[in-house]
> 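Before I ask anything, here is the structure I am working with.
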Amino acid sequence: MTLQHDAIVILDFGSQYSQLIARRVRERGVYSELYAWDSPAEKVLGSQPKGFILSGGPASVYEPGAPGLPGYVLDSGRPVLGICYGMQLLAHHLGGRVSGSVRREYGPAEVELVGPLNPLLTLGSEAGLPAPDALQVWMSHGDRIDRLPPGFVPLARSLNSPYAAMGNTETGRYGVQFHPEVVHTPRGAEILGNFATAVCGCRADWTAGNLIEELVESIRTQVGRGQLVLGLSGGVDSSVVAALAHRAIGDRLTCVFVDTGLMRLGEPQQVVETFDRRMGMHLVAVNAVEEMLDALVGVVDPEDKRRRIGERFIRIFEREARKIGNPRELHLAQGTIYPDIIESAARDRPDAHRIKSHHNVGGLPKDIEFAAIVEPLRLLFKDEVRRLGEALGLPDEIVWRQPFPGPGLAVRLLGEVTWQGLERLREADAILLDELGRQGGLRTTAQAFAVLLPVRSVGVMGDARTYEQPVVIRAVETDDFMTADWARLDWDLLARVSQRIVNEVDGINRVVYDITSKPPATIEWE
Ligand code: XMP
């Protein structure tokens, strides 16, 4: 699938913020793609970038083995914006000098805007915002530039960085020592937008409305007169694929929803209600609860659970797909999104460690042949998928549903998966989500859920001794799910959740709150 948009390419030099840069540029309405700095030139240039952004990164330009600037960037003659390490790399290659800073500069800083009028830092053209003389920014660097490359002038300075921003307006090459992509640089998105539109001349046509038309059209072209099958999980990604594909090819789309018994309270009913009854899609709902539980009898090892659930899901899905038609003539739709593509490329790198084998419900059954795979969301970030979902008229509960792992509650029920354990966990989890939802916390917390532990502890209820299971409340804040901080949930909220769980759910007599960030913990317990 290729989309017809002016594009900015972001080269990733290992910054934890690289995906954010791409998202910010897109939020300004300009399409952007992210590539590892050492991706093959043909691949990167295949996006026909109108400009490049070089991300930050942990290295130092003089360090042996430090990531280098690919030759095609300067050879292309296109504008370049270097951020932090990217700026240092640009300066280094163009004849400037980078040195270790006397002290690291980390955290909020103020930079003073200096130098000539330039399109990058001409801010305030937006309604009501005055043009500033200084900017609040976020710094995070050790090295800094102490001599500019020929042709460059300083555009901003801070106490610790004489060249907090630099530019050459003739060539359209710029550098900023601070991080415009993070929220702590309040005018940062505007700066990135300026680079994309005013410096590179990109059209700002990356909007939900345009996208829906394009994606619907591309599904039509891909599927032709054929049939399409989709594993619908009820999560936002597969739901948006369903809505797009339904718009594109109507009843030639069959959604297969497998009730594994591992979903949250009320979810299976909600999927059927939304897609079958309300949206009138052709939905096959399969009750596979017993089959899935049979596959999990006696299994306690997390990876073993994941593998069995993944395999069983594929078999069930295959069986249902066969009923629709010969798989070789069927197209398979998947809800793969851009971070999956970026992360799976990163995982394929030789230095990557496997922490868990994630699998998606509806994940690609490797051994079944389909005529083709249709992945309409493969270039989109989650927030873009949500915007599409809203524009397509999906209900809020689906558009704003928190991410849920493919293996479902099985990885939140430690030890052996039993029906009784699942029911207990479902009830506790529903109480947490209910209380959080009342406070609007379902949108502000990236993920919140309950985990049931396979141990018992002593309690006292109504003067009697209890010896029952504890439940863990886990709530995290994160932008990308690669790192996460535990959410500072309101204490009164936690008190209500605890009280309700212990009172309302049989078999639970203790509630604990998980205060571990990721790393060192992961978000899920298994
Ligand atoms: P971890 O536990 O690895 O989770 O920190 C990061 C994010 O991934 C989700 N997760 C999964 N998602 N299939 C999925 O589709 C999986 O097997 C899986 N395991 C974890 C987790 O909920 C969190 O959002």
Side-chain angles (χ1 to χ4, degrees), residues 16 19 230-241 257-258 260 262-264 267 271 292 295-296 299 301-314 317 334-344 346-347 352-366 375 377-378 380-383 385-386 398 400-414 417 425 429 432-433 436 442-452 472-487 514-526:
Q16 51 178 326
Q19 287 196 27
L230 165 73
L232 182 66
S233 68
V236 60
D237 304 337
S238 63
S239 300
V240 170
V241 173
F257 166 66
V258 180
T260 56
L262 305 173
M263 300 186 75
R264 287 169 290 197
E267 278 181 335
V271 169
M292 196 54 94
L296 293 171
V299 181
D301 176 69
E303 283 299 281
D304 201 12
K305 274 187 197 173
R306 285 168 173 273
R307 203 182 51 248
R308 283 173 191 243
I309 295 167
E311 279 168 8
R312 182 58 40 189
F313 182 86
I314 289 170
F317 187 78
Q334 299 224 104
T336 318
I337 63 172
Y338 198 37
D340 301 333
I341 306 266
I342 298 171
E343 280 149 30
S344 84
R347 267 198 298 279
H353 287 233
R354 166 162 292 202
I355 309 294
K356 311 182 180 183
S357 41
H358 282 203
H359 87 84
N360 293 317
V361 164
L364 178 61
K366 288 205 176 52
E375 294 176 311
L377 310 180
R378 67 193 310 276
L380 305 191
F381 287 107
K382 195 87 176 183
D383 39 356
V385 174
R386 290 210 161 104
I398 286 186
W400 290 99
R401 176 167 294 179
Q402 296 192 336
F404 188 59
L409 296 183
V411 293
R412 296 176 177 174
L413 183 66
L414 274 58
V417 177
L425 178 56
D429 190 69
L432 169 68
L433 298 185
L436 199 56
L442 289 176
R443 287 197 191 190
T444 49
T445 321
Q447 243 178 328
F449 54 88
V451 177
L452 191 66
V472 177
I473 302 299
R474 177 82 163 138
V476 294
E477 283 168 6
T478 173
D479 228 8
D480 58 8
F481 298 88
M482 312 276 277
T483 60
D485 197 5
W486 58 279
D514 183 348
I515 51 166
T516 335
S517 59
K518 171 186 179 176
T522 53
I523 295 175
E524 303 289 347
W525 272 52
E526 286 192 337

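Every number for a ligand or one of its atoms is a count from 1 in the order of the listing.
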> Dump the intermediate steps for salt bridge (Lys or Arg N to Asp or Glu O under 4.0 Å) on Asp340 and Arg378, then the final yes or no.
CA-CA 8 Å; Asp340 301 333; Arg378 67 193 310 276; over 6 Å; no

> Identify which one of Leu452, Val411, Asp514 satisfies the side chain to side chain contact (heavy atoms under 4.5 Å, CB included) criterion when paired with Trp525.
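Testing each of Leu452, Val411, Asp514 against Trp525, the sole residue satisfying side chain to side chain contact (heavy atoms under 4.5 Å, CB included) is Asp514.
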
> Provide the number and element of each atom of ligand 1 under 4.0 Å from a heavy atom of Thr522.
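Checking each atom against Thr522, I get 1 (P), 2 (O), 5 (O).
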
> Salt bridge (Lys or Arg N to Asp or Glu O under 4.0 Å), that's the test. Do Arg307 and Asp304 meet it? Break it down for me.
CA-CA 5 Å; Arg307 203 182 51 248; Asp304 201 12; 2.7 Å; yes

> For a 4.5 angstrom cut-off between non-hydrogen side-chain atoms, does Met292 reach Leu262?
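In contact.
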
> Has ligand 1 got any nitrogen or oxygen that is less than 3.5 angstrom from a nitrogen or oxygen of Pro403?
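Between Pro403 and ligand 1, no N or O pair is found under 3.5 Å apart.
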
> If you measure from atom 23 (C) of ligand 1 to every heavy atom of Gln402, Gln447, Lys518, which option wins on shortest distance?
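Going through Gln402, Gln447, Lys518 one by one, Gln447 has the nearest heavy atom to atom 23 (C) of ligand 1.
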
> With a cut-off of 4.0 Å, which atoms of ligand 1 are near a heavy atom of Phe481?
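Those of ligand 1 that fall under 4.0 Å from Phe481 are 6 (C), 24 (O).
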
> Report yes if some heavy atom in the side chain of Phe404 is under 4.5 Å from a heavy atom in the side chain of Glu267; otherwise report no.
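A side-chain contact exists here, since the closest heavy-atom pair is under 4.5 Å.
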
> Mark up the atoms of ligand 1 that fall under 4.0 Å of a heavy atom belonging to Pro407, in ascending order.
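Here the atoms of ligand 1 in question are 13 (N), 16 (C), 17 (O).
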
